[in-house]
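What follows is one structure encoded as structure tokens, with my remarks underneath.
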Amino acid sequence: MPAISASAPGKIILLGEHAVVYARRAIAIPVSQVQARTVITPLVRQPAGYIQVQAVNLQLDAPLAELPADDPIRQAVELTLGALNVQRAPAMHIRIHSSIPIAAGLGSGAAVSVAVIRAVSTYLGKPLPVEDVSALAYEVEKTYHGTPSGIDNTVIAYHQPVLFQKGQPIQPFSPGGKFTFLIADTGISAATREQVSGVRERWQADPAAYESLFDRIDALSGQAFQSLQAGDTEMTGRWMTENHHLLQQMGVSCSQLDELVNAALEHGALGAKLSGAGGGGNMIALVSDEHARSVEDALRSHGARQVIQTGLE
Ligand code: MEV
């Protein structure tokens with residue numbers, strides 16, 4: 001059997017994080033500048049059923065059977081074998097490498113799951129269709145994140161800009177013009193699970209206030225969906241910045257994220273907001289070609305550890 005490889009991109013949420021957990025609309029795009037990659041090679045000397053997992057970034061190199069039952073890589077492999085009705089797979093070595101920062105809002109967990117599910121199913125000669133890849137990655141997300149909306153596995157598996165709403169068919173879309181985003185990392189790692197459960201506690205304590213925040217975010221996602229398709233960068237930026245203010249009220253921003261958002265806006269960004277679960281991680285700024293350089297410099301001088309440029313055309 002020849003070696004098989006599969007990759008999956010990172011993602012950013014343009015609008016609607018957290019509210020999307022409560023069935024409101026959100027918009028996400030894949031970020032191909034960072035990738036999770038899985039390579040599977042046969043292990044000819046091992047018996048059928050033996051699987052060795054090497055996750056380079058996690059300094060993990062162990063037999064699959066020795067990983068904890070809720071380990072996300074183990075889950076991704078076992079769910080794939082289960083979906084394909086494979087009891088004893090031919091012995092294999094699964095190597096995972098990712099350039100997506102962990103716990104930074106860029107979808108690293110979902111990307112690893114998608115790359116593993118794709119690689120394992122392809123290796124077994126039964127590549128799964130995208131909807132099954134996404135559905136299995138969602139199962140892994142549930143164990144890892146508690147109550148995920150499904151937006152991360154969807155945008156990453158489909159590798160397309162999407163308007164996403166839980167329980168609704170996904171709406172891939174094409175932008176009506178060029179959009180350039182800078183993604184800046186605070187360097188603070190923040191677990192999605194904790195941010196999501198923090199919002200849940202505050203929502204339970206004051207449902208009326210939080211339902212209203214979610215509704216306002218939903219409306220912004222709807223407006224931004226129109227602006228993106230119309231190629232209107234100015235209005236898209238405005239909806240993004242308004243979304244950041246609502247996320248602040250939801251208690252998921254932090255001083256470093258706010259500082260980067262303000263620095264981007266002061267240096268000419270069309271819009272800026274935290275992206276993903278918040279509490280740290282990354283923020284995004286929508287920039288014109290003219291201001292891209294000055295905004296990037298400002299982000300770095302205000303503490304961004306890394307700035308990635310991505311876009312839609
Ligand atoms: C995480 O990328 C986005 C959140 O809305 C969680 C989710 O949708 O599952 C914070």
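Scope of the values below: all heavy atoms of this structure, side chains included, with no hydrogens, waters or symmetry mates. First listed ligand is number 1; within each ligand, the first listed atom is number 1.
Within a 6.0 Å radius of CD in E194, other residues, nucleotides and ligands contribute 12 heavy atoms or fewer. Around CD of E211, the count of heavy atoms belonging to other residues, nucleotides or ligands within 6.0 Å exceeds 12. By the 6.0 Å contact criterion, CZ on R238 is open, its count of non-hydrogen atoms from other residues, nucleotides or ligands being 12 or less.
Of all atoms in ligand 1, listed by their number and element, those nearer than 4.0 Å to a heavy atom of P148 are 9 (O). Against a heavy-atom cut-off of under 4.0 Å, I151 is close to the following atoms of ligand 1: 8 (O). Every atom of ligand 1 with a heavy atom of A277 under 4.0 Å away is listed here by number and element: 10 (C). Each of the following atoms of ligand 1 lies closer than 4.0 Å to a heavy atom of E17: 5 (O). Within ligand 1, the atoms closer than 4.0 Å to a non-hydrogen atom of K11 are 2 (O), numbered from 1 in the order shown. Listed by number with element, the atoms of ligand 1 under 4.0 Å from a non-hydrogen atom of V20 are 5 (O), 8 (O). Interface atoms of ligand 1 facing H18, defined by a heavy-atom separation under 4.0 Å, are 4 (C), 5 (O), 10 (C).
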task: Determine, stepwise, if the pair Y210 / Y22 fulfils side chain to side chain contact (heavy atoms under 4.5 Å, CB included).
output: CA-CA 10 Å; Y210 274 73; Y22 299 82; over 6 Å; no

task: Decide yes or no on side chain to side chain contact (heavy atoms under 4.5 Å, CB included) for R95 and V56, but give the supporting numbers first.
output: CA-CA 7 Å; R95 184 179 191 276; V56 178; 3.5 Å; yes

query: Going through the checks in order, is the side chain to side chain contact (heavy atoms under 4.5 Å, CB included) test met by S253 and L247?
result: CA-CA 6 Å; S253 193; L247 288 162; 5.7 Å; no

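In this structure, atom 3 (C) of ligand 1 lies nearest to the protein heavy atom I13 CD1, 3.6 Å. The protein heavy-atom contact nearest to atom 7 (C) of ligand 1 is S149 OG, 3.4 Å.
Between R293 and E296 no salt bridge is recorded (no basic side-chain N to carboxylate O distance below 4.0 Å).
Rounded to the nearest 0.5 Å, atoms OG (S227) and CH2 (W239) are 6.0 Å apart.
In H145, neither the side chain nor the backbone holds a heavy atom less than 4.0 Å from any atom of ligand 1.
The shortest N or O to N or O distance between D152 and ligand 1 is under 3.5 Å.
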